[in-house]
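One structure below.
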Amino acid sequence: MENKDRKVLIRVQNLKQYFPIKKGMMQKEKLFVRANDDITVDIYEGETLGLVGESGCGKSTLGRTLLQLYNQTDGRTMYYGRDVDEIAPQYVLDILKSLVDRKKEYFVLNEKAATVKKQYDALPDGDAKYAMRTQLLEAEKNARDSFLDIVQLVGGFFVADDMAPISEVLVREYKAGVEYRKLNEKLNDTRIAYEGLRSTLKEKGKTQEQIAAGTENVLLQIKKQEEIIKIKERELEEIRNEIYKLMKKYESNPDFAKYEVYRDKGINLARLSEEESRKLRKDLQLIFQDPYSSLNPRMTVGQIISEGLLAHKYFDRNDEKLQNYVMEVMEKCGLAPYFIHRYPHQFSGGQRQRIGIARSLALKPKFVVCDEAVSALDVSIQSQIINLLLDLKEQENLTYLFISHDLSVIKYISDRVGVMYLGNIVELASTEELFAHPTHPYTEALLSAIPTTDVDNKKEAIILEGDIPSPIKPPTGCKFHTRCRYATDICKKVVPDFEEVRPGHFVACHHKIVNS
C-alpha cells in the first residue's frame, strides 16, 4: 500500500529534544545535549517503524519524547488516534479565543519569512549564504507553525476577513463539547461503580432481588445522567448546525477548499498539560528494555497488569470481570492463568518481558514504543517475543515504534526503517528498499557490518573511523561528515535537506550513494 493511502497515526514535525547542562561559574554560553534535532516523520496506523542507530544516537529519547515522558523542546507531534473533541485541551481554547490576533501574527511571520528568503536568494553561493540558511529555515518554520495552529482548527474559515464571529461560535462549540465529555466521564464512573457494587453483593451471597434492591439508586443515577447527556448532545448538535450554515457562507470563496484540507482533529501532544496527557496514556504505551527492573517486585502479576486498568477506570476494583480480563490478556501473551498470583522474581527473563507486554497491551493501546524490547534476552527467547509482538499487532491492529541496534531484528519485524545518527534521522524507507538500496553513507556502513555465513559474499566491511561527535557541540553542516568517506567542503557547511529520492525513500545527504 502506498504511504499516501494510509492513515497517519502520529505526525512529527521539526521535533527537538534538548537537555540543558548545568552552567559553570566561568561558562558564558548555555549548553544543551541535543538528543533529537529537527526530526520529521510520519508513523502510519498498523505499521512497525524500526529505528536503528549506534548507542547514544537518540533513539530511546525520541520514543520517550513521542510519549511525552519528556517535555518536548520544540516541534509538533500530532496524534490522530483520538479527536481533539475527546480531550478538549486548553491550548485549543486559547487559539480559538485569539483567532483575530493569531491571524495577524501569521501574516507578520509570513512576511518576515518572505523577506529572509529574498535576502538568502540574493546572496552568492558561499559562507555567508550557508550561514543564513539556518535563519531562513527558522523563519519558515515559525510561519508554518503559526499557519498550521490556525487552519488545523478552522480550515476554510481562514478566508474570513473578520475572524471574530468564527472565534465566538467555535469557542461555544468547544465549551459545549467539554461539558458533554465530562458528563460522559461521570456516567462511565457511575457504571463502573454499579458493576463493582453488584459484584460485591453477589460475592456476599445476596439473592437477585437483594442485589436489584441494593443497586437501585445507582441505576437511577445512571438513567438521570443519560437523560442529561441526551439534552447536551442536542445542544451541541445545534451549535454544529450553526457552524455548518456559517461554512456555507464562505464556501464560494476560491481559497476555501485550499484551507479546508488542512482541517483535522489531531491532538498536538507537545501542547498538552500533564493532566491532559494522562488521559492519553492508555493509548500510548511503552515496553521497557530491561524485563528485570521494569516490574515492581512487591506486586503480583495480576496486580501489575490490573494497575493501569484501575487507574484508567476500565473496571472497579471489586468487579468480578477484572480478573477474567487480566487472565484473558495473560493468555494472549503466552502466560498461564495460574501465574496471576506469582511475583516477578519467580519468572525467567522471557516470561518477565511477556508480563511487561501484557501490562502495556491490557489497556488496548494504539501506539506502542518497544524500546530495545528484546536486547536483554537470549536469542532463542528473542524470537519468541518478536513473534508474540507480531501476532498481537495483527490481532489488535497495533502500531509499533521498534527501537533496536540489531539490524537483523529490525529487518525481520519492521515495515519501514529509520536510520538515526547523532539526533537526526538520516535515511527512511521501507525495509526491503532500505536493505536493497542504502543511499546514505552511514546506512551503507551499518549494513556492511552485518555478519554473514555466506562464503561467496565478498562485500567489503566499511569501518567507521573516529568517535561519535559530541551531541553538545555537534559538527556544523552534515553531522556525519567527520566520519564520512565521501565528505567534501559543502558537507562541513550546509545541513543537507531530507529529500525523497524514490517513492517513500527519504535521505539527508549531499553525496547520495547511487545503487544499481
Side-chain H-bond candidate by donor/acceptor type, Gln13 with Thr40, under 3.5 Å: no

Side-chain heavy atoms of Ile192 within contact of Asp319, under 4.5 Å: no

Basic-acidic side-chain contact under 4.0 Å: Asp415, Lys393: yes

Aromatic plane relationship, Phe480 with His440 - under 30° parallel, 30 to 60° tilted, over 60° perpendicular: tilted

Name of the residue among Val368, Leu335, Leu392, Val329 meeting side-chain contact (heavy atoms from CB on, under 4.5 Å) with Ile357: Leu392

Residues Asn424, Lys479; criterion side-chain hydrogen bond (donor to acceptor under 3.5 Å, both in side chains); working and verdict: CA-CA 9 Å; Asn424 291 89; Lys479 291 179 182 175; 2.7 Å; yes

Over all atoms of both residues, closest heavy-atom pair of Asp316 and Asn318: OD2-N, 2.8 Å

Lys313 with Asp189: basic N within carboxylate O range, under 4.0 Å: yes

Test item: Asp290 side-chain N/O and Tyr292 main-chain N/O as donor-acceptor pair under 3.5 Å: yes

Check: Tyr70 main-chain N/O paired with Thr65 side-chain donor or acceptor under 3.5 Å: no

Lys/Arg N to Asp/Glu carboxylate O, Lys332 vs Asp391, below 4.0 Å: no

Electrostatic pair Arg133:Asp497 at N-O distance under 4.0 angstrom: yes

Glu275 bridged to Arg278 by N-O distance under 4.0 Å: yes

Check against salt bridge (Lys or Arg N to Asp or Glu O under 4.0 Å), Arg181 and Glu86: CA-CA 7 Å; Arg181 177 180 54 75; Glu86 288 182 59; over 6 Å; no

N/O donor-acceptor pair under 3.5 Å between Thr439 side chain and His437 backbone: yes

Step-by-step salt bridge (Lys or Arg N to Asp or Glu O under 4.0 Å) determination, Arg502 to Glu432: CA-CA 13 Å; Arg502 280 186 286 274; Glu432 192 180 338; over 6 Å; no

Ser306 side-chain N/O to Gly302 backbone N/O, donor-acceptor pair under 3.5 Å: yes

N/O donor-acceptor pair under 3.5 Å between Thr399 side chain and Phe367 backbone: no

Side chains of Pro337 and Met330 in contact at under 4.5 Å (non-hydrogen atoms): no

Glu203, CD: over 12 other non-hydrogen atoms inside 6.0 angstrom: no

Test item: side-chain donor near acceptor, Gln225 and Thr190, under 3.5 Å: yes

Heavy-atom donor-acceptor pair, Gln353 side chain to Ala373 backbone, under 3.5 Å: yes

Under 3.5 Å: donor-acceptor pair, side chain of Gln303, backbone of Thr300: yes

Side-chain donor-acceptor pair present, Thr488, His510, cut-off under 3.5 Å: no

Test: Arg485 and Glu444 ion pair at under 4.0 Å: yes

Between Asp94 and Gln90, a side-chain donor and acceptor under 3.5 Å: yes

Donor-acceptor contact present, side-chain Gln152 to main-chain Gly155, <3.5 Å: no

Sidechain-backbone polar pair: Tyr325 side chain, Ala362 backbone, donor-acceptor under 3.5 Å: yes

Neighbour count >12 (heavy atoms, 6.0 Å) for atom NZ, Lys202: no

Heavy-atom donor-acceptor pair, Arg34 side chain to Pro474 backbone, under 3.5 Å: no

Salt bridge flag under 4.0 Å for residues Arg64 and Asp371: yes

Aromatic plane relationship, Phe32 with Tyr18 - under 30° parallel, 30 to 60° tilted, over 60° perpendicular: tilted

Parallel, tilted or perpendicular: ring planes of His312 versus Tyr314, cut at 30 and 60 degrees: perpendicular

Side-chain ion pair, Lys364 and Asp283, N-O less than 4.0 Å: no

Residue pair Lys141, Asp38: steps toward the salt bridge (Lys or Arg N to Asp or Glu O under 4.0 Å) verdict: CA-CA 11 Å; Lys141 177 193 160 300; Asp38 203 22; over 6 Å; no

SB check Lys512 Glu499 (cutoff 4.0 Å): yes

Glu54 and Tyr442: side chain donor to acceptor below 3.5 Å: yes

Worked check of salt bridge (Lys or Arg N to Asp or Glu O under 4.0 Å) between Asp149 and Arg76: CA-CA 10 Å; Asp149 277 350; Arg76 303 168 69 83; 2.7 Å; yes

Side-chain touch Asp264/Tyr262, heavy atoms, less than 4.5 angstrom: no

Lys204, NZ atom: more than 12 neighbouring heavy atoms under 6.0 Å: no

Whether over 12 other heavy atoms sit under 6.0 Å from Asn397 CG: yes

Test: Asp85 and Lys265 ion pair at under 4.0 Å: yes

Side chains of Arg271 and Gln68, donor plus acceptor under 3.5 Å: no

salt_bridge(Arg191, Glu226) N-O dist < 4.0 Å: yes

Side-chain donor-acceptor pair present, Arg354, Gln384, cut-off under 3.5 Å: yes

Derivation of the side chain to side chain contact (heavy atoms under 4.5 Å, CB included) call for Val369 and Ile287: CA-CA 6 Å; Val369 174; Ile287 297 173; over 6 Å; no

